[in-house]
Protein chains: 2
Amino acid sequence: MVTTRNSRSSLSTGRPRSGEAHQAILAATLDLLVEVGFSALTVEGVATRAGVGKATIYRRWPSKLPLVVEAFGQLPGFDAVDTGALSSDLKKMLRAYLQVFNQTALATVLPSLAGERTHNPELVHLFRPVSRKRRKPLIECFERAVERGEVSPELDVELAADLVVGPIAVALFFKGGRLDPRMVGPMVDLALRGILVSEPA
Amino acid sequence: MVTTRNSRSSLSTGRPRSGEAHQAILAATLDLLVEVGFSALTVEGVATRAGVGKATIYRRWPSKLPLVVEAFGQLPGFDAVDTGALSSDLKKMLRAYLQVFNQTALATVLPSLAGERTHNPELVHLFRPVSRKRRKPLIECFERAVERGEVSPELDVELAADLVVGPIAVALFFKGGRLDPRMVGPMVDLALRGILVSEPA
DNA sequence: TTATGAACGGAACGTATAGTATCGTAATGC
DNA sequence: GCATTACGATACTATACGTTCCGTTCATAA
C-alpha cells in the first residue's frame with residue numbers, strides 16, 4: 001500500500017488515511033460480493049483481497065454492513081435520458097440499467113440488505129440516499145411526461161414509477177434474479193397501455 | 001415434548017420422529033424470524049424456543065437455510081378468489097395478502113433468502129415450489145379474465161401478474177417493507193388502466 | 001415381557017468469523 | 001526531529017454453526 005492522498009480532511013496532525021486503501025477496500029468488497037454473495041462475505045477476505053489490514057477496515061466502517069452499503073452505493077444507478085417521449089425514455093433507461101444489473105452484485109446484494117434493514121434501523125439511514133439517487137432520474141421521466149401532457153397531471157408519479165420497475169423487482173425476488181433486456185419493451189408497453197382491453201379508437 | 005404421531009413413515013423400526021417437535025421447530029423459526037430477522041436467527045435460539053435439542057433440528061434439516069425456507073413455505077399465499085371481475089379479484093386478493101404480509105416474516109425473510117439463492121443452487125430448488133404455490137391463484141385470475149373477454153387473449157399473463165404485484169415487490173425492496181392496504185385500489189386500477197392518458201370514450 | 005433400534009434433549013466439541021487490541025513501522029505537520 | 005496518527009500484521013475474545021457423543025424414551029417385533 002502506497003499512500004497518496006488523504007481521503008477525509010483530518011483536523012489534526014498525523015498520517016492521513018490512504019485514499020487508495022479506501023478505494024481498494026470498496027473494490028474488493030464488490031468483487032467478493034459478486035463472487036461469494038453477501039452472507040459468505042468476510043471482512044478478513046475483503047482485507048486480504050484489498051491488501052490491507054483488517055483494522056484499517058474497521059477504522060473506517062463500524063461493521064460489515066455499512067461497508068457493503070457503501071460499496072453497493074458506488075454502483076451506477078439509472079442514467080438520466082430525455083428522448084422526448086415517455087415510452088422511449090423508460091425503455092432506454094431500463095435497458096441500460098439491466099445491463100449493469102445483470103453483470104454486478106445488485107441482484108445478489110440488494111435483497112440481502114433489504115432483508116436486514118427491517119431489523120437494523122441504522123441500515124435504513126444508510127440506505128435511503130442510495131435509493132433516492134437511483135430513483136430520481138426515473139421520477140423525472142414522469143414529471144417531463146406530465147409537462148408534455150403525455151400523462152394526466154393527476155397521475156401518482158411515485159406509484160407509476162413503482163409500476164414500471166415492478167416487474168424487475170419481481171424478477172429479482174421471485175425468479176432467478178436475472179431479466180432478459182428484451183422483456184423491457186413489452187414490460188413498459190403494458191404498464192403504459194394497461195392490462196385491460198381498451199376501446200378501439 | 002410428548003410424542004404423539006409419526007411425521008414420516010419410517011421403513012424400519014425404532015422410535016418415530018416426533019411430529020410435535022417438527023411443528024414446534026417450524027413455529028419457533030417463524031417467531032424468531034419476525035423478532036430478530038434472518039441473519040440474527042440462530043439454530044440454538046430456535047432449539048431453545050421450540051424446547052428441543054439442537055441435534056433434533058440438524059437431524060431433519062441439513063442447515064439453517066432449508067429450515068427457514070420450509071418455515072417460510074408454511075405461511076399462507078394468495079387465497080384464491082373469484083368475484084367475476086378481474087379488478088375486484090385482484091384487489092381482494094392483494095388486500096388479504098398484504099394483511100398477512102404486514103404481520104409476518106415475509107417482508108424480512110423473503111429478501112434475505114432471495115439474496116442467498118443466487119449463490120446457493122440448492123436453495124433454488126427449495127424455493128421454486130413455494131413461489132409457484134403463491135403465484136398460482138394470481139395467474140388463475142388472469143386466465144379467467146381472458147375467458148371472460150375482459151383482457152386480450154394475446155395478453156402475456158405472466159407479465160401482467162408481475163406488473164400487478166410489482167409495486168408490492170418494490171415496496172419490499174426499496175422502501176420500508178410495509179405497504180398500506182389502501183394503496184391496493186389505486187395500484188390495481190393503474191395497472192389495469194395504464195399510465196398513459198387514454199382517449200375519452 | 002423383553003429386546004431392538006431409532007429419535008429424544010442435553011451438552012461438549014471443533015471450526016470459523018466478527019470485532020477489538022496491540023505490535024512495530026511509515027507518513028504527515030509542526 | 002518530535003508528536004501524532006494511519007498503516008499492515010497478528011493475537012485475542014466472543015459467538016454461532018454444525019457435529020458428535022451421551023443416557024433416556026418410545027414404538028415395534030419377537
Legend entry - Inter-residue atom distance B:Arg182.CZ - B:Met187.CE, 0.5 Å rounding: 14.5 Å
Inset, instruction - Look at all strands and tell whether B:Leu41 reaches a base, only sugar-phosphate, or nothing, counting heavy atoms closer than 4.0 Å. - result: sugar-phosphate
Legend entry - Identified side chain to side chain contact (heavy atoms under 4.5 Å, CB included) counterpart of A:Lys54 within the set A:Val43, A:Val46, A:Thr42, A:Thr48: A:Val43
Inset, instruction - Counting heavy atoms from C-beta on, name the nucleotide in D:dC7, D:dA27, C:dA27 closest to the side chain of A:Ser18. - result: D:dC7
Inset, instruction - Applying salt bridge (Lys or Arg N to Asp or Glu O under 4.0 Å), name anything that partners A:Arg134, two or more places apart in sequence or on another chain. - result: none
Inset, instruction - Provide the closest heavy-atom pair for B:Arg49 versus B:Glu35 in the form atom of the first, atom of the second, distance. - result: NH2-OE1, 3.0 Å
Could you pull out all donor-acceptor pairs under 3.5 Å where a side-chain atom in residues 148-155 of chain B meets a protein atom, sequence neighbours excluded?
unit_1: B:Arg148; atom_1: NE; unit_2: B:Gly84; atom_2: O; d: 3.2
unit_1: B:Arg148; atom_1: NE; unit_2: B:Glu150; atom_2: OE1; d: 3.1
unit_1: B:Arg148; atom_1: NH2; unit_2: B:Glu150; atom_2: OE1; d: 2.8
unit_1: B:Glu150; atom_1: OE1; unit_2: B:Leu86; atom_2: N; d: 2.9
unit_1: B:Glu150; atom_1: OE2; unit_2: B:Leu86; atom_2: N; d: 3.3
unit_1: B:Ser152; atom_1: OG; unit_2: B:Glu154; atom_2: N; d: 2.9

Inset, instruction - Determine, for nucleotides 19-24 of chain D in 5'-to-3' order, which nucleotides have protein heavy atoms under 4.0 Å from the base (write B), from only the sugar-phosphate (write S), or from neither (write -). - result: BB----
Inset, instruction - Would you please enumerate the stems DNA chain C participates in, each stem being three or more consecutive Watson-Crick or G-U wobble pairs with both distances under 3.5 Å? - result: C:1-30 with D:1-30
Distance-only check: which donor-acceptor pairs under 3.5 Å involve side-chain atoms of residues 163-171 of chain A, not counting sequence neighbours?
none

Inset, instruction - Would you tell me if any nitrogen or oxygen in the side chain of B:Thr56 comes within less than 4.0 Å of OP1 or OP2 on C:dG9? - result: yes
Please list, one pair per line, the donor and acceptor atoms closer than 3.5 Å that link side chains of residues 88-96 of chain A to other protein atoms, with sequence neighbours excluded.
unit_1: A:Ser88; atom_1: OG; unit_2: A:Thr83; atom_2: OG1; d: 2.6
unit_1: A:Ser88; atom_1: OG; unit_2: A:Ala85; atom_2: O; d: 3.2
unit_1: A:Asp89; atom_1: OD1; unit_2: A:Thr83; atom_2: N; d: 2.6
unit_1: A:Asp89; atom_1: OD1; unit_2: A:Thr83; atom_2: OG1; d: 2.6
unit_1: A:Asp89; atom_1: OD2; unit_2: A:Arg144; atom_2: NH2; d: 2.9
unit_1: A:Lys91; atom_1: NZ; unit_2: A:Ser87; atom_2: OG; d: 3.4
unit_1: A:Lys91; atom_1: NZ; unit_2: A:Asp189; atom_2: OD1; d: 2.9

Inset, instruction - Please determine, for the side chain of A:Lys64, which listed nucleotide (C:dT28, C:dG9, C:dG19) has the closest atom? - result: C:dG19
